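Data block below; observations after.
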Amino acid sequence: MHIAVIMDGNGRWAKQQGKNRVFGHRHGVSSVRDTAEACAELGVKYLTLYAFSTENWFRPQLEVSALMTLLLKTINGELNTLLKNDIRLNAIGDIDSLPKSVAKELREAIEKTAHCKRMELVLALSYSGRSEIVRAMKQIALKIQSKEISLHEIDDNLISDSLYTAGIPDPELLIRTSGEKRISNFLLWQLAYAEFYFTEKFWPEFNKEELYKAILDFQNRERRFGKTSEQIAS
Ligand code: FPP
């Protein structure tokens with residue numbers, strides 16, 4: 001199973017506590033840890049977290065740099081836990097646009113956990129679903145131009161394989177916290193058949209219990225992929 005999460009509401013949660021937004025992000029890291037641990041325990045094979053969108057670069061400079069520092073510290077601090085729990089780290093997005101120190105730490109952690117088999121933790125960083133599709137289209141156009149492939153070879157599989165998520169199965173479940181009901185440019189192609197689960201909880205309030213609720217809700221839905229209930233039953 002693959003679960004994708006839009007971690008939303010760190011800022012609002014912090015405000016509720018009378019604290020600044022960065023306080024919220026810091027607490028958000030505990031929810032990341034809790035969710036990753038619960039997913040690994042349950043046998044979830046892929047967990048993708050929307051940690052930083054390309055739009056997030058337009059936030060106040062102080063918040064952006066605090067998020068980058070937090071990311072750097074978290075990757076650094078959690079590497080041994082990832083290794084111990086046999087969790088492979090991966091990243092999707094424009095990694096080259098991250099501060100050099102963050103990109104370097106990230107690449108090293110990805111390399112060091114490459115052999116891990118239990119679960120893959122995918123961080124979407126400087127990620128935008130539309131940019132991902134544009135990038136894929138350009139790659140495919142180049143292959144056509146150089147005659148490496150012909151027009152009739154363009155199909156769903158080729159497009160999937162040209163995205164950042166090549167080799168990763170599509171998510172079955174998308175969770176978004178904080179009551180917002182939007183996709184916000186996240187995994188536009190990959191979420192085609194996903195079930196969406198929305199909770200009012202802010203991301204720092206999200207924990208194992210909340211994840212179990214989301215999964216139980218998902219398990220009670222009937223996924224028809226455009227077919228009728230009768231076709232699915234037979
Ligand atoms: C959304 O809340 C949260 C983010 C944009 C950042 C998420 C980052 C973390 C939880 C920390 C680092 C993550 C990892 C994977 C190490 P918001 O700021 O949009 O909240 P708001 O909507 O209430 O303003």
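As the structure lists them, so they are numbered: ligands from 1, and atoms in each ligand from 1. Keep in mind the model is a prediction, meaning the values are calculated, not measured.
- Of all atoms in ligand 1, listed by their number and element, those nearer than 4.0 Å to a heavy atom of R59 are 5 (C), 17 (P), 18 (O), 19 (O).
- Residue L71 approaches ligand 1 through these ligand atoms, each under 4.0 Å from one of its heavy atoms: 14 (C), 16 (C).
- A51 O, 3.6 Å is the protein heavy atom nearest to atom 7 (C) of ligand 1.
- Heavy-atom proximity to V29, at under 4.0 Å, picks out these atoms of ligand 1: 11 (C).
- The distance from ligand 1 to the heavy atoms of L123 drops below 4.0 Å at these ligand atoms: 15 (C).
- The closest side-chain donor-acceptor pair between Q16 and E205, if any, does not fall under 3.5 angstrom.
- Ranking the protein heavy atoms by distance from atom 16 (C) of ligand 1 puts T74 CG2, 3.5 Å first.
- Taking a 4.0 Å cut-off on heavy atoms, G9 registers as neighbouring ligand 1.
- Protein heavy atom closest to atom 2 (O) of ligand 1, with residue, atom name and distance, is N10 N, 3.2 Å.
- Note on ring orientation: taking the six-membered ring where Trp is involved, the planes of Y193 and F225 are tilted (angle from 30° to 60°).
- Of the protein's non-hydrogen atoms, N56 OD1, 3.7 Å is the one closest to atom 5 (C) of ligand 1.
- Inter-residue side-chain proximity for Y197 and R176 is flagged as unmet; no heavy-atom pair is nearer than 4.5 Å.
- If you check each of R12, M7, E63 against atom 23 (O) of ligand 1, the one with the closest non-hydrogen atom is R12.
- Tested against W13, the residues F206, F23, W203 include a single ring-ring contact (aromatic ring centres under 6.0 Å, His included) partner, F23.
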